[in-house]
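Proteins come first, then strands; the chains are lettered A, B, ... in the order of their sequence lines, and each starts at number 1.
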Amino acid sequence: METALEFFNEQLIMIYLLIFTIILGFEVISKVPTVLHTPLMSGANAVSGVVIIGAILLVRQAEPTDYVQLSLGTFGVILGMVNVIGGFTVTDRMLEMFKKKKK
Amino acid sequence: METALEFFNEQLIMIYLLIFTIILGFEVISKVPTVLHTPLMSGANAVSGVVIIGAILLVRQAEPTDYVQLSLGTFGVILGMVNVIGGFTVTDRMLEMFKKKKK
Amino acid sequence: MKIGVLAEQQDKRIAIVPAVASKLLALGVEMCLEKDGGIQSGFADSDYEGVECLDRQMVKDQSDVLITIHPLPEEELTGLSNDTLLISEFKPFFHQDVAEKLKKHGLRAISMDMIPRTTLAQSMDVLSSMAAIAGYKAVLAAAARLPRYFPMMITAAGSIKPSKVLVLGAGVAGLQAIATARRLGAQVEAFDTRSAAKEEVLSLGAKFVEVEGAKEDTGAGGYAVEQDEDFLKRQREEVQKRAMNADVIITTAQVRGRKAPVLVPTDTVEKMKDGSVIVDLAASTGGNCEVTRNGEVYQYHGVWIIGDSDLAADMPQDASTLYANNLLNFLKLVIEDGDLNLDMENEIVSSACITK
Amino acid sequence: MKIGVLAEQQDKRIAIVPAVASKLLALGVEMCLEKDGGIQSGFADSDYEGVECLDRQMVKDQSDVLITIHPLPEEELTGLSNDTLLISEFKPFFHQDVAEKLKKHGLRAISMDMIPRTTLAQSMDVLSSMAAIAGYKAVLAAAARLPRYFPMMITAAGSIKPSKVLVLGAGVAGLQAIATARRLGAQVEAFDTRSAAKEEVLSLGAKFVEVEGAKEDTGAGGYAVEQDEDFLKRQREEVQKRAMNADVIITTAQVRGRKAPVLVPTDTVEKMKDGSVIVDLAASTGGNCEVTRNGEVYQYHGVWIIGDSDLAADMPQDASTLYANNLLNFLKLVIEDGDLNLDMENEIVSSACITK
Amino acid sequence: MLIDTYINLSYLVGAVAFVWGLRLLSSPDTARKGNILAGIGMGIAIVATLVAPLTGADNNYLWIFGGFVIGGFAGWIAAKKIQMTAMPQMVSVFNGLGGACATVLAMAELIKYYDGMMQMSLGQLSIVLVTLLIGAVSFTGSMLAFGKLDGFIKDKHVILPGHTIVNLVLLIAVLVLAVILIVQGQTAGIVMAVIFLVLALIYGFSFVAPIGGADMPVVISLLNSFTGLSAAAAGLIYGNQIMLVGGILVGAAGTILTVLMCEAMNRSLMNVIIGGFGSAGASSSATDGDQVAKVATITDASIQMFYANSVMFVPGYGLAVAQAQKVLKELDDLLENNGVDVKYAIHPVAGRMPGHMNVLLAEADVPYPKLLDLDDANAALKDTDTVVIVGANDVVNPAALDDPGSPIYGMPVLEVWNAKNVIVLKRSMSPGYAGIQNPLFFHDKNRMLFGDAKDSIQQLVQEVKDM
Amino acid sequence: MLIDTYINLSYLVGAVAFVWGLRLLSSPDTARKGNILAGIGMGIAIVATLVAPLTGADNNYLWIFGGFVIGGFAGWIAAKKIQMTAMPQMVSVFNGLGGACATVLAMAELIKYYDGMMQMSLGQLSIVLVTLLIGAVSFTGSMLAFGKLDGFIKDKHVILPGHTIVNLVLLIAVLVLAVILIVQGQTAGIVMAVIFLVLALIYGFSFVAPIGGADMPVVISLLNSFTGLSAAAAGLIYGNQIMLVGGILVGAAGTILTVLMCEAMNRSLMNVIIGGFGSAGASSSATDGDQVAKVATITDASIQMFYANSVMFVPGYGLAVAQAQKVLKELDDLLENNGVDVKYAIHPVAGRMPGHMNVLLAEADVPYPKLLDLDDANAALKDTDTVVIVGANDVVNPAALDDPGSPIYGMPVLEVWNAKNVIVLKRSMSPGYAGIQNPLFFHDKNRMLFGDAKDSIQQLVQEVKDM
Ligand SMILES: NC(=O)c1ccc[n+]([C@@H]2O[C@H](COP(=O)([O-])OP(=O)(O)OC[C@H]3O[C@@H](n4cnc5c(N)ncnc54)[C@H](OP(=O)(O)O)[C@@H]3O)[C@@H](O)[C@H]2O)c1
Ligand SMILES: NC(=O)c1ccc[n+]([C@@H]2O[C@H](COP(=O)([O-])OP(=O)(O)OC[C@H]3O[C@@H](n4cnc5c(N)ncnc54)[C@H](OP(=O)(O)O)[C@@H]3O)[C@@H](O)[C@H]2O)c1
Ligand SMILES: NC(=O)c1ccc[n+]([C@@H]2O[C@H](COP(=O)([O-])OP(=O)(O)OC[C@H]3O[C@@H](n4cnc5c(N)ncnc54)[C@H](O)[C@@H]3O)[C@@H](O)[C@H]2O)c1
Ligand SMILES: NC(=O)c1ccc[n+]([C@@H]2O[C@H](COP(=O)([O-])OP(=O)(O)OC[C@H]3O[C@@H](n4cnc5c(N)ncnc54)[C@H](O)[C@@H]3O)[C@@H](O)[C@H]2O)c1
């Protein structure tokens with residue numbers, strides 16, 4: 001309990017940030033037309049590929065001889081990269097049809 | 001320069017928070033119908049009365065004998081309170097006419 | 001005071017309908033009606049409550065005010081007592097001697113067609129109410145004669161193009177014709193020399209045929225002025241072009257006190273499609289179409305020519321009702337406590353009274 | 001093979017119009033036409049390019065196929081050569097002996113009114129195309145007679161309520177009448193015994209008069225079946241109520257092979273407003289109105305009764321065009337390489353051929 | 001520890017309440033709730049501030065509560081007593097007081113600083129000066145905006161020739177003084193600070209002076225975002241998160257709102273601020289001699305229709321010219337769907353031919369029972385909330401009843417002024433067919449909505465849909 | 001110091017790019033820009049991570065770039081090769097891999113932990129386990145969603161009786177195991193961790209199993225927000241702000257998007273997850289024997305119209321029944337305003353009386369030149385992008401041309417299948433007047449939009465307005 005309170009007081013700004021980020025996530029999406037549901041989902045998915053940062057850090061921090069960590073990390077990089085590149089590319093393709101015009 | 005950098009790195013989360021708050025402020029307003037421009041302005045004005053917090057702190061921190069600070073602080077409390085109470089009340093009155101219905 | 005209403009001799013309408021009669025009685029006047037006067041408009045004598053139904057001569061003898069739509073023929077004027085007030089459409093602009101004749105007989109006369117075309121007087125304006133009916137009826141008459149559909153029809157037995165209707169003169173009658181033809185699905189074009197007419201035509205969703213350089217006289221109280229020869233020529237050419245394509249032409253162009261302008265000359269008619277229809281509402285003042293015969297319907301070169309300025313008489317019931325309402329609104333102006341009071345200060349009364 | 005077209009004796013239409021004639025020639029047949037046959041529909045002999053214009057007897061003598069709209073009178077049948085194919089509306093349901101008579105003369109006959117009412121055959125369905133015209137014309141005829149406005153009019157001379165139009169029988173003609181009356185601004189109610197009719201009436205924006213318990217036979221190929229007495233009685237009551245308020249009644253109800261049902265009995269007519277109009281399109285099969293006189297327009301008790309089943313003939317040009325297109329579509333089915341080939345396997349041909 | 005957590009948590013809740021409150025405020029359905037939520041957030045923050053343990057503080061609660069009572073009472077009375085139509089200027093006053101509060105706080109700090117009672121880093125001093133500057137500008141600017149809106153200060157009273165130059169010079173002077181103050185530190189002294197304050201106050205006044213009276217709402221919104229920023233800056237002084245977050249939020253929201261308001265007027269913010277234009281361009285009234293016809297915005301008009309129980313359309317020739325019958329029907333349907341009772345009053349001579357309106361409205365499929373003729377309409381008008389006159393003129397001219405000199409004296413007209421509100425849709429003040437001026441346009445209950453009827457109605461449809 | 005600042009700044013810029021990118025993504029005009037912006041943000045973050053100085057790290061760049069090349073290439077090819085119609089399942093696969101990545105990261109930490117190479121606090125251990133759990137659920141769930149959408153896994157293959165109970169049991173097992181792992185700390189050992197992983201994977205699969213194929217897009221969105229959360233949790237492990245912010249953002253956005261998607265289907269999220277319903281209810285196709293008619297949503301249909309160069313409406317009797325002629329005209333106007341060329345193809349026997357369509361369209365004021373008769377329409381159809389059939393049936397039946405057994409064989413019909421896309425608006429699969437089935441409904445180019453024509457067109461109008 002004590003530690004939780006301490007954590008709270010120390011990380012106060014962080015907690016503000018998290019909450020505001022959540023609100024922002026809600027806010028940004030809340031008025032999207034149904035046409036965009038799928039592309040938006042796809043775009044959000046691409047952003048969630050940010051987990052690749054972790055994989056990069058994992059590999060960079062690993063001992064050059066620790067092949068278990070290195071393999072795991074590299075596997076993570078591959079997975080993340082598929083998500084990132086594939087995600088943005090496929091979203092862009094979906095959005096191609098919106099390029100034409102505007103009233 | 002050095003201090004600025006230091007400040008930046010130390011207050012990083014705070015800066016995230018500020019930027020996100022600004023984005024949030026934009027976001028929350030950006031799709032408001034023109035009907036609500038005035039009430040919204042009024043509501044935002046009421047919120048800006050949060051400056052009263054400062055005035056309260058000023059008075060509370062002042063020496064009981066420091067009449068300059070006490071008077072200034074109390075003046076601040078009065079000004080702030082007019083803004084807060086008046087602001088919320090007037091906004092509510094403006095919004096009364098919206099109470100009727102919804103399609 | 002007694003108001004007498006005579007039956008029309010050349011028309012199915014009647015000047016006063018039962019509903020209006022009872023309102024007049026309420027103003028404190030007495031009323032009599034020629035027997036069976038309303039029968040052709042669908043009003044039996046028994047419908048006129050409180051109104052004496054007498055024979056024609058008795059009505060003429062007893063009435064202080066005599067109301068008809070068409071003026072009485074001159075031979076009937078002789079027997080009338082002095083100072084009788086006649087209310088009819090005397091058309092003094094076309095029959096310039098009518099006032100003299102009436103005065104000679106010692107009669108006073110209100111000519112309903114002389115009521116000014118102002119906003120205030122519109123509720124007494126029989127020209128408007130009758131013209132609107134004429135415009136409506138003109139389209140129905142044309143549609144009934146035309147051997148073709150008005151609206152477009154894409155059917156299993158072939159596609160029919162919509163008929164083209166050309167309306168010349170966009171006054172009250174013309175506008176009503178435009179509206180009615182559009183309702184029936186025709187493609188409507190219209191033309192008028194008044195500059196305000198363009199907007200009015202467009203306001204009914206029809207096309208306006210542009211001919212530049214029309215003369216305009218806003219001082220003429222809303223009536224058209226005569227146009228110069230060059231203009232009329234160019235206009236006739238434009239009309240000719242449209243007419244050759246038109247299935248129906250409805251003409252309503254009148255110029256006050258003059259013969260109606262000829263807008264559709266013979267050679268135009270000759271170039272029109274077989275079976276097309278021209279309805280000439282200006283027939284009684286000479287006609288807008290060169291081959292119009294007033295009061296006749298006949299085929300010229302395969303084109304039906306309907307020359308009838310009194311189409312309102314074809315819808316006698318509503319026409320009578322509206323006419324009677326106009327009269328009522330006017331009479332309210334001149335009847336005070338059951339007695340006649342022609343206030344010559346009043347612009348409406350003084351314009352309408354042609355024997356002052 | 002030579003196709004002959006005769007002028008109509010009792011009608012302004014002509015069975016084949018120039019545009020269709022040239023399409024028929026393109027099928028490899030020869031054609032001849034009775035002199036001046038198309039003149040009343042607006043088609044001169046010279047318009048028929050490639051068609052011989054002969055006198056009536058020569059057309060009859062030379063043709064292998066003889067086309068008319070109304071069947072030839074019996075006396076004209078005698079001179080015809082054996083096996084001549086006659087194409088007309090023989091109405092074998094009403095004239096049950098017609099097939100026998102024709103066979104007696106050794107003639108073959110196609111009755112255009114026997115073409116099945118299927119989607120496929122619709123392009124040959126003269127009943128449909130003519131009924132549509134009749135419905136349209138019925139409204140125009142009524143509006144032309146009615147002494148009142150169809151649309152609502154709020155004017156300076158008083159407010160006019162919209163006319164009420166009641167359409168009985170919402171088949172092809174009835175629906176077209178509904179649409180046309182609505183266009184003119186009337187308030188329209190309609191009634192039919194077929195259950196599908198309700199939706200169809202509503203689909204034109206009109207009101208449907210509900211009478212419960214109508215008999216339905218979907219097996220009757222879209223035609224109505226006879227209804228029982230109780231139903232007819234309740235319906236007559238309902239109709240009577242509406243009719244008393246109606247300004248115009250248009251009746252189109254037919255039952256195949258029988259006398260048309262009486263939907264507007266005498267006492268209903270007597271209760272109607274003065275000047276109202278009844279158009280009875282079922283006049284030729286006895287009429288839906290008890291006092292209808294087929295082919296006559298007269299006033300009964302102040303109500304106009306227009307008994308005319310052939311209103312399409314009043315719009316001869318478009319009617320002829322549509323009729324001719326229907327014929328063309330049918331003839332395409334039976335002409336092969338310029339020769340006649342009546343394929344009795346084909347449902348359309350076999351239904352239409354009444355002398356098999 | 002625990003109490004700190006509660007305080008922090010309260011501030012957090014307060015901040016979220018502000019955000020969520022503003023969010024709710026931007027939709028008509030929830031706006032009222034949003035205002036209340038933000039108010040609750042404020043309450044929580046104030047209570048938390050009051051109970052927060054302060055090391056070595058004496059609290060002086062009496063002073064505080066005294067201030068609460070006076071300020072609260074004044075604010076409440078002002079807000080309750082003010083007329084509906086005067087609310088924007090009230091907001092301006094409140095906003096100015098908020099700015100003044102920030103200025104006072106900054107002055108208090110400066111007094112301590114120059115008294116030597118307190119030290120400040122360069123950064124802190126800058127922040128205090130910024131608070132002072134923004135607060136002061138917001139204060140005098142708001143007060144002038146109030147004066148202009150209320151009408152007792154006229155544009156011409158306060159606009160100098162070459163005002164843009166004057167403003168620029170003032171701004172530079174203020175900034176230079178600020179730099180001097182920062183550089184000199186404690187040696188500058190309180191007098192220079194006061195000069196700085198005075199200059200800032202003058203600049204605020206001068207900033208608003210050239211901006212046209214019609215643009216005041218935009219200016220108030222802008223000044224409101226200034227007040228927010230000054231609150232945020234004050235938050236930095238006190239290291240208080242909720243002041244910071246709340247202030248920044250208002251700053252951002254106010255800015256974007258200002259931009260939106262400019263957009264709604266088809267102007268750029270720059271254009272508004274440079275001023276001059278505003279006073280001439282979007283005039284809020286049309287005058288005829290000394291009579292003034294008041295103008296409605298699309299928004300005003302749509303609110304008056306949407307929140308009415310009954311609306312009566314009065315179509316005239318202008319409806320036909322604009323060919324607006326179908327959009328009018330759309331508006332009718334929209335309103336009916338929202339429970340408004342919609343009728344049409346047809347004057348017998350409306351339009352240019354007998355039955356003109358009937359033809360139009362039949363084309364748009366308006367059912368016959370919705371059309372009232374003159375007598376029925378005049379009977380119904382007494383109980384009508386909002387009358388919308390669409391391109392009619394002569395047929396609603398009160399002169400027909402009360403001006404014996406008028407050429408149409410004696411004609412029965414639609415007595416629309418018996419309804420609660422009247423809106424006239426036409427393109428200009430020009431007369432109708434009869435060629436006579438219409439006193440209705442200057443009637444107290446009437447507002448003009450200028451523009452082609454079809455355009456106007458289309459905009460109304462859009463606006464009502466958004467409600 | 002300086003380099004740290006740059007890294008931090010890059011992360012900040014990256015985070016803002018994510019937020020702003022998503023924001024832009026939610027409006028059709030700017031969506032593409034938004035995607036690119038988010039992509040740039042990601043690029044910045046990755047570069048910053050690569051160059052960030054790490055104390056005592058060996059970097060192993062070769063491994064990293066190897067991973068980049070393989071993963072990037074695979075992702076790019078997959079995204080480019082995939083068919084338009086298969087994109088949702090592709091997204092599902094990508095999302096699953098993201099989840100897998102988080103799982104891998106968590107496993108790597110656990111291996112170090114149980115090897116004793118590293119210590120973790122209780123909090124840290126919990127975070128790692130959460131990362132593992134969410135990532136694993138997202139992974140297997142996404143893969144199953146992919147299988148279902150692609151059609152090679154049928155609902156019936158994977159749904160167990162009492163599936164809700166099974167899921168509940170599994171969930172409890174997973175949670176209990178997690179608690180045990182946390183309590184036992186390092187003594188638990190890697191084997192138990194692996195069991196936990198396997199259970200989590202199974203749960204992910206089982207979670208999605210009962211949800212109907214038609215609901216898969218909703219599920220993908222939900223799993224996407226899971227992946228976001230796992231990324232955020234991983235961000236906590238590495239103390240990396242952009243992972244945290246980006247992950248949370250996706251978590252929130254994904255959640256609200258899921259809710260919106262449910263709302264658009266008129267369902268609650270609960271309802272979707274409990275499943276079963278979905279497979280029966282909103283079926284994505286209508287079948288007749290073994291033929292399947294594909295269904296369009298309002299959105300699909302409006303996109304196909306809005307982004308077309310030419311649209312042909314084919315009105316039929318259903319237009320009249322629905323009395324939809326005026327809204328149809330409204331849709332026409334909207335499309336024309338957006339540069340779409342709109343025509344009407346009138347079949348001679350459409351409706352129930354000759355000229356039925358003419359009457360309707362004249363009522364709605366459709367200009368005559370827009371109406372094409374059979375021959376003109378058939379000529380124009382070849383160059384038409386989208387055909388919208390409004391309550392017509394027999395008149396567009398291809399059997400009339402190619403099925404000699406059909407009762408309407410030989411009748412000329414509108415050859416709508418020559419256009420690029422066909423949409424049929426009707427209420428059901430029931431036949432028209434002729435009473436015969438219409439093979440057009442099963443045509444490859446055709447999509448059905450079920451519902452009353454007026455309702456459907458009204459929704460289309462709304463949707464097109466929003467574009
Ligand atoms: N009914 C008949 O049979 C008939 C026949 C002939 C004459 N009149 C006369 O016409 C008049 C009818 O009265 P009314 O009230 O209908 O018409 P009105 O008095 O002529 O007024 C019409 C008003 O509509 C406005 N307007 C025109 N176009 C517009 C547009 N596109 N958008 C918005 N507003 C537009 C005009 O003002 P702006 O220019 O400022 O926009 C004008 O003041 C009466 O005076 C009547 O006597 C009637
Ligand atoms: N033109 C004429 O003179 C005439 C006369 C008589 C008969 N016919 C025959 O009628 C047919 C006309 O063809 P068509 O294509 O126009 O009509 P159709 O083949 O009868 O098809 C109409 C379709 O509209 C749909 N529908 C009905 N109400 C609807 C609503 N409210 N919203 C959406 N869809 C609705 C129905 O499907 P759902 O029930 O699934 O919605 C139906 O399949 C032809 O077979 C023709 O031969 C024509
Ligand atoms: N104030 C009112 O309330 C009121 C009432 C009724 C009519 N009016 C106005 O009175 C005027 C006359 O109406 P009317 O219907 O009795 O007119 P009318 O019968 O005298 O003439 C019919 C139309 O023909 C037109 N015309 C004349 N010469 C022409 C030519 N050479 N070519 C083409 N068109 C030609 C006229 O301009 C007029 O519009 C109109 O302006 C009408 O609006 C006003
Ligand atoms: N398939 C096609 O393409 C096609 C073409 C034309 C007509 N049709 C159908 O054929 C049918 C008949 O059309 P029609 O116009 O030739 O019919 P019709 O002339 O034989 O009869 C007219 C209408 O009167 C109705 N009627 C009969 N008895 C009645 C009664 N007692 N009371 C009220 N109404 C009564 C009938 O139901 C019919 O609708 C309709 O269903 C029509 O849709 C189909």
Using non-hydrogen atoms only, which part of E:Ile220 is less than 4.5 Å away from chain B: side chain, backbone, both, or neither? both

Looking at E:Ile190, I'd like to know if its CD1 atom is crowded, meaning that more than 12 non-hydrogen atoms belonging to other residues, nucleotides or ligands lie closer than 6.0 Å. yes

Heavy-atom contact with chain B under 4.5 Å, split by part of E:Lys33: neither

Can B:Glu96 and E:Arg32 be counted as an ion pair, charged N to O under 4.0 angstrom? yes

Relative to chain E, which of B:Arg93, B:His37, B:Gln61 shows the most heavy atom pairs under 4.5 Å? B:Arg93

Please report the closest heavy-atom contact between B:Leu40 and E:Leu22, naming both atoms and the distance. CD1-O, 4.0 Å

I'd like to know whether B:Phe88 forms a side-chain contact (heavy atoms from CB on, under 4.5 Å) with E:Ile36, so could you lay out the CA-CA distance, the side-chain angles of the two residues, the decisive distance to 0.1 Å, and finally the verdict. CA-CA 8 Å; B:Phe88 284 114; E:Ile36 293 170; over 6 Å; no

With distance as the sole test, does E:Ser26 use its side chain to make a donor-acceptor pair with the main-chain N or O of B:Val28 at under 3.5 Å? yes

Quick check on B:Leu72 against chain E: is it the side chain, the backbone, both or neither that has a heavy atom closer than 4.5 Å? both

So how far is it from B:Phe75 CZ to E:Leu105 CG, rounded to the nearest 0.5 Å? 11.5 Å

Does anything in residues 232-240 of chain E get under 4.5 Å of chain B by heavy atoms, and if so which residues? E:Ala234, E:Tyr238, E:Asn240

So for E:Tyr11, is it side chain, backbone, both, or neither that comes closer than 4.5 Å to the heavy atoms of chain B? side chain

Point-to-point distance, once rounded to the nearest 0.5 Å, from CG of B:Leu57 to CG of E:Leu54: 6.5 Å

If you count heavy-atom pairs within less than 4.5 Å of chain E, which of B:Leu70, B:Thr89, B:Val77 leads? B:Leu70

Could you look at E:Phe68 and say if it's the side chain, the backbone, both or neither that has a heavy atom under 4.5 Å from chain B? both

Count the heavy-atom pairs under 4.5 Å between each of B:Gly80, B:Gly43, B:Gly86 and chain E, then report the option with the highest count. B:Gly86

Who among E:Met107, E:Lys80, E:Arg23 has the most heavy-atom pairs with chain B under 4.5 Å? E:Lys80

Turns out that what part of E:Thr49 lies under 4.5 Å from chain B's heavy atoms comes down to both

Locate the shortest heavy-atom distance separating E:Leu25 from B:Pro39; write the atom from each residue and the value. CD2-O, 4.4 Å

What part of E:Met42 is in contact with chain B, defined as an atom under 4.5 angstrom from a non-hydrogen atom: side chain, backbone, both or neither? side chain

Can you tell which of E:Ala102, E:Gly34, E:Ala52 has the highest number of heavy-atom pairs within less than 4.5 Å of chain B? E:Ala52

Donor-acceptor contact below 3.5 Å, side chain B:Arg60 vs main chain E:Tyr61: no

Segment of B:Leu17 engaging chain E (4.5 angstrom heavy-atom cut-off): side chain

Using heavy-atom distances under 4.5 Å, tell me whether B:Ala44 contacts chain E through its side chain, its backbone, both, or neither. both

Given heavy-atom pairs under 4.5 angstrom as the criterion, report whether the side chain, backbone, both or neither of E:Val250 touches chain B. side chain

Contact class of E:Met90 relative to chain B, heavy atoms under 4.5 angstrom: side chain

Most chain B-contacting option - heavy-atom pairs closer than 4.5 Å, from E:Cys101, E:Gly123, E:Ala231: E:Cys101

I need the residue from E:Thr227, E:Val259, E:Leu50, E:Ile111 with the largest number of non-hydrogen atom pairs under 4.5 Å to chain B. E:Leu50

At a heavy-atom separation under 4.5 Å, does E:Leu260 approach chain B through its side chain, its backbone, both, or neither? both

With chain B as the partner, which of E:Ala31, E:Gly246, E:Ala74, E:Gly228 has the greatest number of non-hydrogen pairs under 4.5 Å? E:Ala31

Name the member of B:Thr91, B:Asp92, B:Val68, B:Ile56 that forms the most heavy-atom pairs with chain E at distances under 4.5 Å. B:Asp92

Output yes when a side-chain donor or acceptor of B:Asn45 lies under 3.5 Å from a complementary backbone atom of E:Ser92, and no otherwise. no

Cut-off 4.5 Å, heavy atoms of chain B, and the answer for E:Leu244 is side chain

Check whether any side-chain N or O of E:Asn60 sits under 3.5 Å from a backbone N or O of B:Val59 as a donor-acceptor pair, and report yes or no. yes

From the list E:Pro88, E:Gly135, E:Ala253, the residue making the most non-hydrogen contacts under 4.5 Å with chain B is E:Ala253

If I measure from the heavy atoms of chain B, does E:Gln241 come under 4.5 Å with its side chain, its backbone, both, or neither? neither

Interface moiety of E:Ala78 toward chain B, non-hydrogen atoms closer than 4.5 Å: neither

